[in-house]
**Student:** 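Please read through the structure below; I'll follow up with questions.
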Amino acid sequence: MSNRTPLIAGNWKNNIDHLHAIALVQKLAWTLRDADHDFDDVEVAVFPPFTDLRSVQSLVAADRLPITYGAQDLSVHDSGAYTGEISGAFIAKLDARYALVGHSERRQYHHETDEVVAQKTIAARRNGLVPVICVGETADDLEAQGPAAVPVAQLTAVLETIAADLDGVEPDAAPLVVAYEPVWAIGSGQAASPEQAQQVIARLRAAVADSLTPTLGEAQAQAWAASVRVLYGGSVAVDNVAGFLAQPDIDGALVGGASLDATKFAQIAQFRKHVRTN
Ligand code: PEP
């Protein structure tokens, strides 16, 4: 049993305006409270659009909700003439804990390279945000190279770039989160099997150690590998989440579509109560 606290994270993407965000977070909080959810046991986070973050912050602060939140992206720049960009400093000012970096939709539609994802990871950490580094293979990658090669290469590229920044830092003080999201599973209704996801995620955890060892030495690199939470994402639903979380290296879920429904998302967060059905 690892001592990593599971994280159930909801990526709203370009859905839900700030008024509906308040209603959704309120309903999520009430539903979880009624279910006696233990937030120290399973963390619950939402990733709303930028324009919702201030409303979510106000609600969370006013009602002292134990729900955490983050942004779906951030700029590599903290300020300056970069029209349309959103600074990590501004996101952090809204008491956000996290920022997603390198979501496959950013890589696909905005041509974000591993180098950009690495710079965004650095920008998040510079501003005290925990980066959730998203990696995953497309259906073509899967066919040509198998499931692990591309996500391992994506994660290695980021970690080799940021390794020097981790030197001497306690993993608990400035954590990293990784999300393994096979692109073919996102929004398709066809999730990976828990065993497939476990295999890739075990490789990703090994890649954390391998890519940090040259800079940090083996002991520090192993400590990072043991502490990094690695989530699975891609068509996670109420009836399959428990199977993923039963795997030894899977520390949570990044949930897209099902996170837009407070009842479903709360049930996903309550995965410990589920009987495994797959
Ligand atoms: C996502 O895009 O991060 C995601 C996992 O989406 P879905 O759960 O809808 O597949």
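First listed ligand is number 1; within each ligand, the first listed atom is number 1.
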**Student:** Which atoms of ligand 1 have any heavy atom of Gly257 under 4.0 Å away?
**Tutor:** 7 (P), 8 (O), 9 (O)
**Student:** Would you kindly specify which portion of Asn11 sits under 4.0 Å from ligand 1, judged on non-hydrogen atoms: side chain, backbone, both or neither?
**Tutor:** side chain
**Student:** Is Val238 linked to Val44 within one hydrophobic cluster, defined over Ile, Leu, Val, Met, Phe, Trp and Tyr using a side-chain heavy-atom separation of less than 4.5 Å?
**Tutor:** yes
**Student:** Considering non-hydrogen atoms of the protein only, which is the closest contact for atom 8 (O) of ligand 1, and what is the distance?
**Tutor:** Gly256 N, 2.8 Å
**Student:** I'd like to know whether Gln154 forms a side-chain hydrogen bond (donor to acceptor under 3.5 Å, both in side chains) with Asp114, so could you lay out the CA-CA distance, the side-chain angles of the two residues, the decisive distance to 0.1 Å, and finally the verdict.
**Tutor:** CA-CA 6 Å; Gln154 289 171 334; Asp114 290 339; 4.7 Å; no
**Student:** Counting each atom of ligand 1 from 1 as listed, which ones have a heavy atom of Ser235 under 4.0 Å away?
**Tutor:** 7 (P), 8 (O), 10 (O)
**Student:** What verdict does the side-chain hydrogen bond (donor to acceptor under 3.5 Å, both in side chains) test give for Glu195 and Gln199, after you've listed the backbone C-alpha separation in whole Å, the side-chain angles of each residue and the deciding distance to 0.1 Å?
**Tutor:** CA-CA 6 Å; Glu195 293 75 17; Gln199 273 181 17; over 6 Å; no
**Student:** Taking all heavy atoms of Leu245 and all of Ile8, pick out the closest pair and write down the distance.
**Tutor:** CD2-CD1, 4.5 Å
**Student:** Under the side chain to side chain donor-acceptor pair (under 3.5 Å) definition, can you give me all pairs with a residue in residues 179-190, not counting sequence neighbours?
**Tutor:** His103-Glu181, Glu137-Tyr180, Glu137-Trp184
**Student:** Can you name the atoms of ligand 1, numbered from 1 with element, that are less than 4.0 Å from a heavy atom of His103?
**Tutor:** 1 (C), 2 (O), 3 (O)
**Student:** Has Gly234 got any heavy atom lying under 4.0 angstrom from an atom of ligand 1?
**Tutor:** yes
**Student:** Looking only at N/O atoms, are Lys13 and ligand 1 under 3.5 Å apart anywhere?
**Tutor:** yes
**Student:** Any donor-acceptor pair under 3.5 Å linking the side-chain atoms of Gln270 with those of Lys273?
**Tutor:** yes
**Student:** I would like to know whether Asp141 and Thr138 meet side-chain hydrogen bond (donor to acceptor under 3.5 Å, both in side chains); could you show each step before the answer?
**Tutor:** CA-CA 5 Å; Asp141 297 332; Thr138 63; 3.0 Å; yes
**Student:** Suppose we measure from atom 5 (C) of ligand 1 to each protein heavy atom; which comes out shortest, and what is that distance?
**Tutor:** Glu181 OE2, 3.0 Å
**Student:** Just jot down the ligand 1 atoms closer than 4.0 angstrom to any heavy atom of Gly187, in number order.
**Tutor:** 7 (P), 9 (O), 10 (O)
